[in-house]
Amino acid sequence: MILRMSTLFLRTLREDPADAEVPSHRLLVRAGYIRRAAPGIYSWLPLGWRAYLNVERVVREEMDAAGFQEIHLPALLPREPYERTGRWTEYGDDIFRLKDRKGNDYLLGPTHEEIFTLLVKDLFSSYKDLPLSIYQIQWKYRDEPRPRAGIMRGREFSMKDSYSFDVDDAGLVASYTKHRDAYISTFNRLGLDHVIVTAMAGAMGGSLSEEFLTPTEVGEDTFVRCTSCDYAGNTEAVEVPVPEAMPYDGLPAAHVEDTPDTPTIETLVNLLNSQEKLRRDDRPWQASDTLKNLIVKLVHPTGESELLAIGVPGDREVDEKRLGAQVYPATVEATTEEDFAANPALVRGYIGPDVLGEDKAAKVRYLVDPRVVAGTRWVTGANEPGNHVVDLVAGRDFEADGTIFAAEIREGDPCPRCGSSLTIARGVEIGHIFALGRKFAEALDLKVLDENGKQVVVTMGSYGIGVSRALAAIAEKNHDDKGLIWPREISPADVHIVATGKNAEPFEVAEKLAAELDARGIRVLLDDRRAASPGEKFNDADLIGVPTIVTCGRRIVDGKVEVKDRRTSERIDLPIAEVVDHLVEVCAS
RNA sequence: CGGGGAGUGGCGCAGUUUGGCAGCGCGUCGGCUUUGGGUGCCGAAGGCCGGGGGUUCAAAUCCCCCCUCCCCGACCA
């Protein structure tokens with residue numbers, strides 16, 4: 001089929017839309033691919049829909065090749081299954097809810113574990129039916145608190161979600177691995193570089209979970225990657241290499257020093273360096289010589305709350321995301337005046353290990369950064385206003401109840417795998433795979449008979465690819481200042497033919513070329529507008545981003561047309577008779 | 001939910017400080033002109049100035065209340 005600009009349902013914009021910030025959003029709107037219908041909700045125009053369907057097609061082909069079977073579930077779902085797994089409540093405000101005329105509750109599916117599980121339960125009941133992997137490509141709905149960046153993070157978005165069903169753990173691992181491999185080849189084919197980072201399973205429960213992130217400046221996830229090995233990880237999941245314990249023979253004994261008005265690390269370090277008797281001979285005191293102890297409040301799912309003391313080197317902040325991931329499923333709340341009032345052993349600004357620990361004065365569990373190993377020396381609070389203790393040695397003078405990876409990760413920190421330095425990057429999550437285990441099968445009572453005739457709970461995996469988001473990510477990394485530059489497989493057309501001139505001839509040649517290319521299976525976008533000026537057409541072609549642009553214009557008198565590579569801007573003039581073969585070749589490579 | 005910005009023809013914006021005929025560019029429609037990088041000229045259509053209330057002879061403009069959108073953060077399979 002030939003798309004004709006003269007009749008295409010398209011309006012390109014000369015100016016950037018006011019509400020678009022990131023390049024993919026800006027260009028997709030300007031080039032007439034999408035239009036905003038409501039916050040975080042977009043309509044797809046002909047070019048956009050074609051590009052979108054191409055992403056879908058690639059994903060579908062890769063899933064089918066891996067042996068997964070496509071099905072299609074409703075987007076509008078009844079409340080009951082979500083009630084049974086607890087997610088009707090857990091999802092909170094993030095879910096779009098509605099009622100039917102009888103007053104029954106429905107929701108627009110944010111994800112489909114429950115429905116897939118029930119469908120399998122409906123049909124299968126024997127271990128002989130497993131393993132099974134099924135998937136769908138469906139629009140999902142989440143009432144995000146803040147949709148942003150166009151289709152990158154919308155409230156309606158399309159997702160390919162697969163679910164695997166196995167009788168045992170070994171089967172689950174095999175299914176998980178198969179999906180992982182299929183994802184790698186899918187993203188490779190989409191031209192999306194990706195790093196695979198281990199993720200916290202979060203609300204999904206389960207044991208193993210990995211995210212596929214594609215690096216981009218506009219990404220909303222930060223991750224770390226190693227500058228020399230291929231390690232990559234979520235900042236919230238990166239583990240800190242634990243140093244060897246050191247001997248502490250010969251270290252000076254701990255001694256309490258008078259340090260008035262030093263409630264912060266900065267004031268403390270300044271004071272240590274400014275007072276003659278506190279100064280060290282070898283080097284000045286630094287924030288990293290201090291041990292900062294802070295108190296947070298954990299709220300457990302049961303509703304009980306508990307104070308927790310965390311000790312980190314004084315030059316580091318506690319990263320709330322990392323902390324949250326470490327204490328999951330408990331959540332972290334700020335401590336209040338009342339919490340301190342109720343526990344007079346905690347002297348704010350001067351909290352030290354002496355009172356910390358479940359069996360110590362403050363009766364607060366005490367977890368320290370893994371770098372606080374036996375033999376390390378610290379300056380830390382002496383539990384009295386204006387006093388700090390110096391040369392307090394871990395392992396000799398105090399013991400924590402355990403360690404916690406809550407301190408922030410910084411550029412240059414050592415790689416947990418190879419020890420060289422880490423760098424921090426931004427990315428967007430384009431895929432996520434979970435070994436769910438039996439959480440959903442148990443809640444919904446999905447069991448099969450095993451070879452001994454006994455009922456066993458099925459173990460599941462769930463695997464998602466953000467399809468519409470992948471399109472945004474592709475646009476994000478395939479554009480220049482003039483417009484989009486599609487990879488051929490995603491492009492709404494293979495060749496964009498532009499006819500210019502006041503005579504009929506270039507238009508006739510363009511028509512003829514379009515027809516011949518179409519007959520050879522090349523997808524053609526033909527700019528046959530007679531009224532539009534050449535500049536307008538060239539600019540539109542650059543904006544729309546079809547990878548190959550053919551101009552039938554002034555060279556037509558020499559029997560030639562111009563073929564331009566959108567990405568490299570390389571142009572060549574070719575005789576009309578040769579151009580079709582040439583283009584077929586270009587499109588095949 | 002916290003911080004910041006903004007709501008004015010289809011799109012992008014000025015006008016609000018200091019109240020006085022609602023403007024500009026693009027787009028659209030008609031006519032002529034032009035055809036290798038958004039051609040030029042002439043003419044035209046198109047407005048609840050986010051909503052409600054108030055002040056005033058007079059409100060896009062001042063006051064009060066509300067709504068919405070965008071960005072940063074929190075949140076987020």
Side-chain angles (χ1 to χ4, degrees), chain A residues 11-22 25-26 29-30 32 35-36 38-41 87 90-95 109-113 140 142-150 152-155 157 159-163 199-206 208-213 218 220-221 234 236 320-321 324 331-332 334 428-436 439-440 461-466 469 482-483 498-507 527 529-543 549 551-557 561-562 564 569 571 573:
Chain A
R11 175 111 306 142
T12 57
L13 305 179
R14 191 192 289 232
E15 286 163 299
D16 283 334
D19 60 354
E21 200 86 349
V22 306
H25 185 198
R26 237 171 47 219
V29 173
R30 265 192 68 200
R35 297 292 299 175
R36 198 189 76 121
I41 302 177
R87 296 211 291 183
E90 264 172 43
Y91 257 110
D93 288 336
D94 288 348
I95 212 168
T111 174
H112 281 80
E113 278 77 9
K140 310 273 178 172
R142 292 182 199 167
D143 194 359
E144 298 283 349
R146 186 155 93 80
R148 71 187 88 173
M152 191 77 93
R153 181 181 193 80
R155 298 196 294 172
F157 59 96
M159 177 162 145
K160 187 289 305 172
D161 48 330
S162 308
Y163 302 84
M200 305 307 293
M204 299 299 298
L208 176 59
S209 160
E210 289 171 298
E211 279 177 28
F212 290 71
L213 300 177
V218 304
E220 42 191 357
D221 297 316
N234 242 342
E236 66 231 46
E320 284 177 39
K321 282 193 171 178
T331 54
V332 178
V428 64
E429 180 185 347
I430 46 173
H432 203 148
I433 55 180
F434 295 91
L436 288 179
K439 171 180 169 175
F440 288 90
S462 100
Y463 317 91
I465 289 178
R469 175 180 284 182
K482 292 198 179 78
V498 174
T500 68
K502 59 178 160 189
N503 302 319
E505 199 187 355
F507 289 85
D527 197 341
R529 293 174 295 177
R530 296 303 289 257
S533 70
E536 203 174 338
K537 294 179 188 175
F538 294 140
N539 283 325
D540 275 348
D542 288 340
L543 180 59
I549 298 165
T551 304
C552 302
R554 63 156 59 126
R555 307 304 309 276
I556 220 96
V557 295
V561 296
E562 178 188 279
K564 173 181 158 186
S569 292
R571 301 153 196 252
D573 289 331

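Residue numbers start from 1 in every chain, and the chains themselves are labelled A, B, ... in the order their sequence lines are given, proteins ahead of strands.
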Discussion item. Does A:Asn539 reach a base, just sugar-phosphate, or nothing at all? Heavy atoms under 4.0 Å.
Written reply: base
Fill in: Donor/acceptor link under 3.5 angstrom from A:Glu536 side chain onto base of B:G37
no
Worksheet item: How would you list, by chain and number, every residue that makes a side chain to side chain contact (heavy atoms under 4.5 Å, CB included) with A:Phe507, sequence neighbours excluded?
Response: A:Ala499, A:Arg530, A:Lys537
Fill in: Watson-Crick or G-U wobble mate for B:C24, both contacts under 3.5 Å
B:G12
Worksheet, complete the sentence: Closest non-hydrogen contact found for A:Gly553 with A:Thr500 is CA-OG1, 3.5 Å
Worksheet item: For atom P, what is the distance between B:G9 and B:U55, given to the nearest Å?
Response: 28 Å
Worksheet, complete the sentence: To the nearest angstrom, the CG-P distance between A:Asp143 and B:C1 comes to 12 Å
What pairs of nitrogen or oxygen atoms, one from the protein and one from nucleotides 40-43 of chain B, lie under 3.5 Å apart?
none

Practice prompt. Can you sort out the partners of A:Arg30 under side-chain hydrogen bond (donor to acceptor under 3.5 Å, both in side chains), two or more places apart, ordered by chain and number?
Written response: none
Worksheet item: For the residue pair A:Glu21 and A:His25, what are the closest heavy atoms and their distance?
Response: N-ND1, 4.2 Å
Worksheet item: Looking at B:G36, B:G12, B:G37, which one has an atom nearest to any side-chain atom of A:Ala18?
Response: B:G12
Worksheet item: Taking only side-chain nitrogens and oxygens of A:Arg14, does any of them come within less than 4.0 Å of OP1 or OP2 of B:G27?
Response: yes
Practice prompt. Quickly work out the A:Lys140 NZ to B:C76 P distance and round it to whole Å.
Written response: 19 Å
Discussion item. Nearest heavy atom decides the nucleotide; on that basis, is A:Arg148 or A:Leu543 closer to the 5' end of RNA chain B?
Written reply: A:Leu543
Considering only nitrogen or oxygen atoms on both sides, find all protein atoms under 3.5 Å from nucleotides 23-25 of chain B and state each distance.
from: B:G25; atom 1: N2; to: A:Glu15; atom 2: OE1; distance (Å): 3.3

Item to complete: Please identify each residue that fulfils side-chain hydrogen bond (donor to acceptor under 3.5 Å, both in side chains) with A:Asp573, with sequence neighbours left out.
Response: A:Arg555
Worksheet item: For B:U18, which nucleotide in any strand shown is its Watson-Crick or wobble partner with both distances under 3.5 Å?
Response: none
Discussion item. Taking B:U61 as the reference, what is the distance to B:G7 when you measure between their P atoms (whole Å, please)?
Written reply: 13 Å
Practice prompt. Could you let me know what B:G2 is paired to, Watson-Crick or G-U wobble, both distances under 3.5 Å, or none if it's on its own?
Written response: B:C72
Discussion item. Closer than 3.5 angstrom, by distance alone: can the side chain of A:Arg469 be matched with the main-chain N or O of A:Met152 as a donor-acceptor pair?
Written reply: yes
Worksheet item: So, does the side chain of A:Arg571 form a donor-acceptor pair with the base of B:G37 at under 3.5 Å?
Response: yes
Item to complete: Give the rounded distance in Å between these two atoms: CZ of A:Arg469 and P of B:C76.
Response: 14 Å
Item to complete: Please identify each residue that fulfils side chain to side chain contact (heavy atoms under 4.5 Å, CB included) with A:Asp542, with sequence neighbours left out.
Response: A:Lys482, A:Ile549, A:Lys564, A:Arg566
Item to complete: Check whether any side-chain nitrogen or oxygen of A:Arg36 sits under 4.0 Å from OP1 or OP2 of B:C69, and answer yes or no.
Response: no
Practice prompt. Starting from C1' on B:G36, measure out to CG on A:Asp527 and report it in whole angstrom.
Written response: 13 Å
Between the protein and nucleotides 3-8 of chain B, list every N/O to N/O distance that falls short of 3.5 Å.
none

Discussion item. Between C1' on B:G38 and CG on A:Leu13, what's the gap in Å once rounded to a whole number?
Written reply: 13 Å
Item to complete: Taking salt bridge (charged side-chain N to carboxylate O under 4.0 Å, His left out) as the test, write out the residues that go with A:Asp221, two or more places apart.
Response: none
Worksheet item: Considering all heavy atoms of both residues, which atom of A:Leu13 and which atom of A:Leu543 are nearest to each other, and what is their separation?
Response: O-CD2, 4.2 Å
Worksheet item: Could you give the CG-to-P distance, from A:Asp16 to B:C71, as a whole number of Å?
Response: 14 Å
Worksheet item: What integer number of Å spans the P atoms of B:U16 and B:A6?
Response: 14 Å
Discussion item. Considering every strand and a 4.0 Å limit on heavy-atom distances, what is the contact class for A:Gly464: base, sugar-phosphate, or nothing?
Written reply: nothing
Discussion item. Nearest whole Å is fine: how far is B:C76 C1' from A:Arg146 CZ?
Written reply: 12 Å
Practice prompt. Looking at every strand, decide which applies to A:Pro39 at a 4.0 Å heavy-atom threshold: base, sugar-phosphate, or nothing.
Written response: sugar-phosphate
Practice prompt. Please identify each residue that fulfils side-chain hydrogen bond (donor to acceptor under 3.5 Å, both in side chains) with A:Ser162, with sequence neighbours left out.
Written response: A:Lys160
Worksheet item: Looking at CD of A:Glu505 and SG of A:Cys552, how far apart are the two atoms once the value is rounded to the nearest 0.5 Å?
Response: 10.0 Å
Practice prompt. Using a 4.0 Å heavy-atom cut-off across all strands, classify A:Arg142 as base, sugar-phosphate, or nothing.
Written response: sugar-phosphate
Worksheet item: What residues form a side chain to side chain contact (heavy atoms under 4.5 Å, CB included) with A:Arg142, not counting sequence neighbours?
Response: A:Pro110, A:Thr111, A:Glu144, A:Phe157, A:Met159
Practice prompt. Using a 4.0 Å heavy-atom cut-off across all strands, classify A:Glu562 as base, sugar-phosphate, or nothing.
Written response: base
Worksheet item: Closer than 4.0 Å, any side-chain N/O of A:Arg555 to the OP1 or OP2 of B:G36?
Response: no
Discussion item. Below the 4.0 Å mark, does B:C70 have OP1 or OP2 next to a side-chain nitrogen or oxygen of A:Arg153?
Written reply: no
Worksheet entry | Separation of the P atoms in B:G36 and B:C24, to the nearest angstrom | 32 Å
Worksheet entry | By ring pair (Phe, Tyr, Trp, His ring centres under 6.0 Å) - contacts of A:Phe212 (at least two apart) | A:Tyr183, A:Phe187, A:His194
Worksheet item: Who are the side chain to side chain contact (heavy atoms under 4.5 Å, CB included) partners of A:Arg36, not counting sequence neighbours?
Response: A:Asp19, A:Pro39, A:Tyr42
Item to complete: Quote, to the nearest angstrom, the C1' distance that separates B:A45 from B:A60.
Response: 23 Å
Practice prompt. Rounded to whole angstrom, note down the P distance from B:C62 over to B:G20.
Written response: 10 Å
Worksheet item: OP1 or OP2 of B:U39 sitting under 4.0 Å from any side-chain N/O of A:Ser533?
Response: yes
Worksheet item: Using atom C1' of each nucleotide, how far apart are B:C65 and B:A74 to the nearest Å?
Response: 28 Å
Fill in: C1' gap between B:G38 and B:C1, integer Å
45 Å
Worksheet item: Expressed in angstrom and rounded to an integer, what is the separation of A:Asp540 atom CG from B:G38 atom C1'?
Response: 8 Å
Worksheet item: Which one, B:A74, B:G38, B:U35, comes nearest to the side chain of A:Arg30?
Response: B:G38
Item to complete: Find which nucleotide of RNA chain B each of A:Ala149 and A:Asn503 is nearest to by heavy atoms, and output the residue with the more 5' nucleotide.
Response: A:Asn503
Item to complete: First locate atom CZ of A:Arg529, then atom CD of A:Glu536, and finally report the distance between them rounded to the nearest 0.5 Å.
Response: 5.5 Å
